[in-house]
Amino acid sequence: MENIQKTDQNQVNTMDNASKNNGTPLLSLKNLHVWFELKRWGFAHAGYVRAVDDVSFDLHRGDAIAIVGESGSGKTSLMKTILGINRPIKGDIFFDGQSLSELNPRQLREFRSKIGFVQQDPYGALPPFMSVRRILSEPLIINGIKDPDEREERIRKVMSEVKLNPVDDFIEKFPHMLSGGQQQRVVIARAMILGPKLIVADEPVSMLDASVRVEILKLLENLQHSHDLAVIYITHDLSTVRYFSERIFVMYAGQLIEKSSVDGILSNHLHPYTDALLKGTSEPDANNAKIFKEVPPGEPPSLVNPPKGCRFHPRCAKMIDGLCNVEDPPEFEPAEPGHLTFCWLYKQNGHES
Amino acid sequence: MATENGKSLLEIRDLNLHFQTTQGVVQAVDKVDFDLGYNDAIVILGESGCGKTSLARAILRLLPRNVDRYDGKVRLGDMELMGMGDEEFRKKVRWVRMSMVPQAAMNALNPVLKVGDQVAEPLMIHAGISKENALSHASDMFRRVGVPVDFLNRYAFELSGGMRQRVAIAMALVTTPEVVLLDEPTSALDVLTQTNIFNLLKRVKQEFDVSFILITHDIATSSELAERVAVMYAGQIVEVSDAGNFFEAPLHPYSQKLMASVPRLRGTQDLEFIPGKPPSLIGLKAGCRFAPRCSFRFDKCDQDPPITYKGDRLVRCWLHAEG
């Protein structure tokens, strides 16, 4: 197995967060592989889509991380696996020290009540025929809270927490009567109502207008601090990341290629793909219209048959022939501790962590 | 802004487009004034529901059935467009001198026609040339927008999002129009694809001598193309400035708040948001439409603010009114 050597390295890497926060991590991904089988004529095996390929990281209580990647990089598959919707083909997820693969369906339901999910498109995520009260009581009913008064009390509490004030004005409304920002608040309230320890937010602000976007980001930030929540923020927009997360994981073609603090990425990014992403992110500046920006040629690879070696090498200007296109890059730690990258460029000045 | 004999390419004055609905009249485009120069690019910036797509429809006369009021003055080169009949407008203006890349262009392509045929179609209709000829023009256009020529025989579903967007741009350019309206051309695309498309649009602008009207809500990416910026709020244009001044120091309080809400990669300033929400476009009262959310509000704001010109810049706000 070509992965054996790499597996050992990754097991060491998952320790790197422990220096910051002692104790068991809240969420721990160990060599997670999520592959979807392709079938020919409905039964014959025709390969795999390697949506997530060997991803490992730890997340502690109160940590906010961002996973940044383009569409098709596997960030949604990763998220769905964390939510317990997809099953990994290899590797495992540990939540509070408990392996997800060992859970029976009842335990899985209990596990899901500890994770809140904020969807991308609030209007699509809210059932149009339910009032806000119905939407918010649903998770409570499913999780066995039978007393209607207690449900009402919890609904009102969570609504005032997400600043849907005054509560009486909103509780009877249907989603189409709310603005985009208010709809997203209802989605966040639904994610928060069971008192989760982890919130997974999939592009929570990309469908919103600029002026509302900031309001929702600030709300999420306040909730994170007041409830000591761990947050996984999934986005393709690097410019919003810094207002919210402490660490950034950059994902490309099913793999994490750089893990760093937000400052580390902004001041001293390592991987050539991260560089391209940063250069592609616009800032409002009139000079932008006068220059052409450099973009790596080509498009992200097919995940059915990804390139050998580093998956970015066909598009990379700094590709080292005979190395990048042959061998998978291991994780290097060339700059500051905790800033890791999978890139052969740092073979000389970095030590393999 | 480049002019010829002191005249701009497209001049829009007092343009109104109101819709009739069961709740009342929606003033989607209300007294809009702006100019577009030769080989110019203006960005119409606004949040959802401010009427920016309706403005594009009003300019290209792609109107729904429930129009309540549609008037004003639109001049393109030497043509007065508002006096034209619909048939004349279709034959002489739409897709001949002005074309459009619609919002979510990736879904605007016909799924059962080959993309090459779709790009050739406007030429066959408007220039009346044969299909072979039109297809050879289309393949030339594909080359220029960076789509491999053998994609002519593909269907839309066989193309990636970025490629579909390029096809939609090719379709808008194939009749060599003078004005191209781009309605949120990159809102559904990835960062790098977005950058690619803007690189393409910049090159097209240099090569084709075309003017762009870019309609978007995304302030940061709009700067990739903008020579001038027009800010739209609740159906009205509240500010028109050149890009340099706008991104440095916008005049209207709404523009200032918008700029303060843009997330930046670097820098330390705190992000702001605008409390409240835009007014409904039905039954609007007199007075500045932004006043209820404005931190500079004073007595005069209850009356309609006048349009003030400051050099080349236009602003609709009592703070900047003279006298």
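Proteins come first, then strands; the chains are lettered A, B, ... in the order of their sequence lines, and each starts at number 1.
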- Item | Geometric cation-pi criterion, R293(B) with F290(B): 6.0 Å, 45° | no

- Message: Taking atom NZ as the centre, does K293(A) end up with more than 12 heavy-atom neighbours from other residues, nucleotides or ligands that are less than 6.0 angstrom away?
- Response: yes

- Relative to chain B, which segment of F292(A) carries a heavy atom at a distance below 4.5 Å: side chain, backbone, both, or neither? both

- Checking E258(A) side chain against H271(A) main chain: does a donor-acceptor pair fall under 3.5 Å? yes

- Query: Counting N and O atoms only, with roles assigned by atom type, does the side chain of Y243(A) sit under 3.5 Å from a partner on the main chain of R264(B), one being a donor and the other an acceptor?
  - Reply: yes

- Query: Relative to chain B, which segment of K218(A) carries a heavy atom at a distance below 4.5 Å: side chain, backbone, both, or neither?
  - Reply: side chain

- A253(A) backbone acceptor or donor facing R311(A) side chain under 3.5 Å: yes

- Message: Heavy-atom cut-off 4.5 Å, strictly under: side chain, backbone, both or neither for I265(A) against chain B?
- Response: neither

- Item | Close approach to chain A in residues 243-251 of chain B, criterion heavy atom under 4.5 Å | A243(B), G244(B), F247(B)

- Note on the structure: Ranked by heavy-atom pairs below 4.5 Å to chain A, first place among I219(B), T195(B), D190(B) goes to D190(B)

- Mark yes or no for whether R316(B), through its side chain, and E239(B), through its backbone, hold a donor-acceptor pair below 3.5 Å. no

- Considering only heavy atoms, which portion of Y273(A) lies under 4.5 Å from any heavy atom of chain B: side chain, backbone, both, or neither? side chain

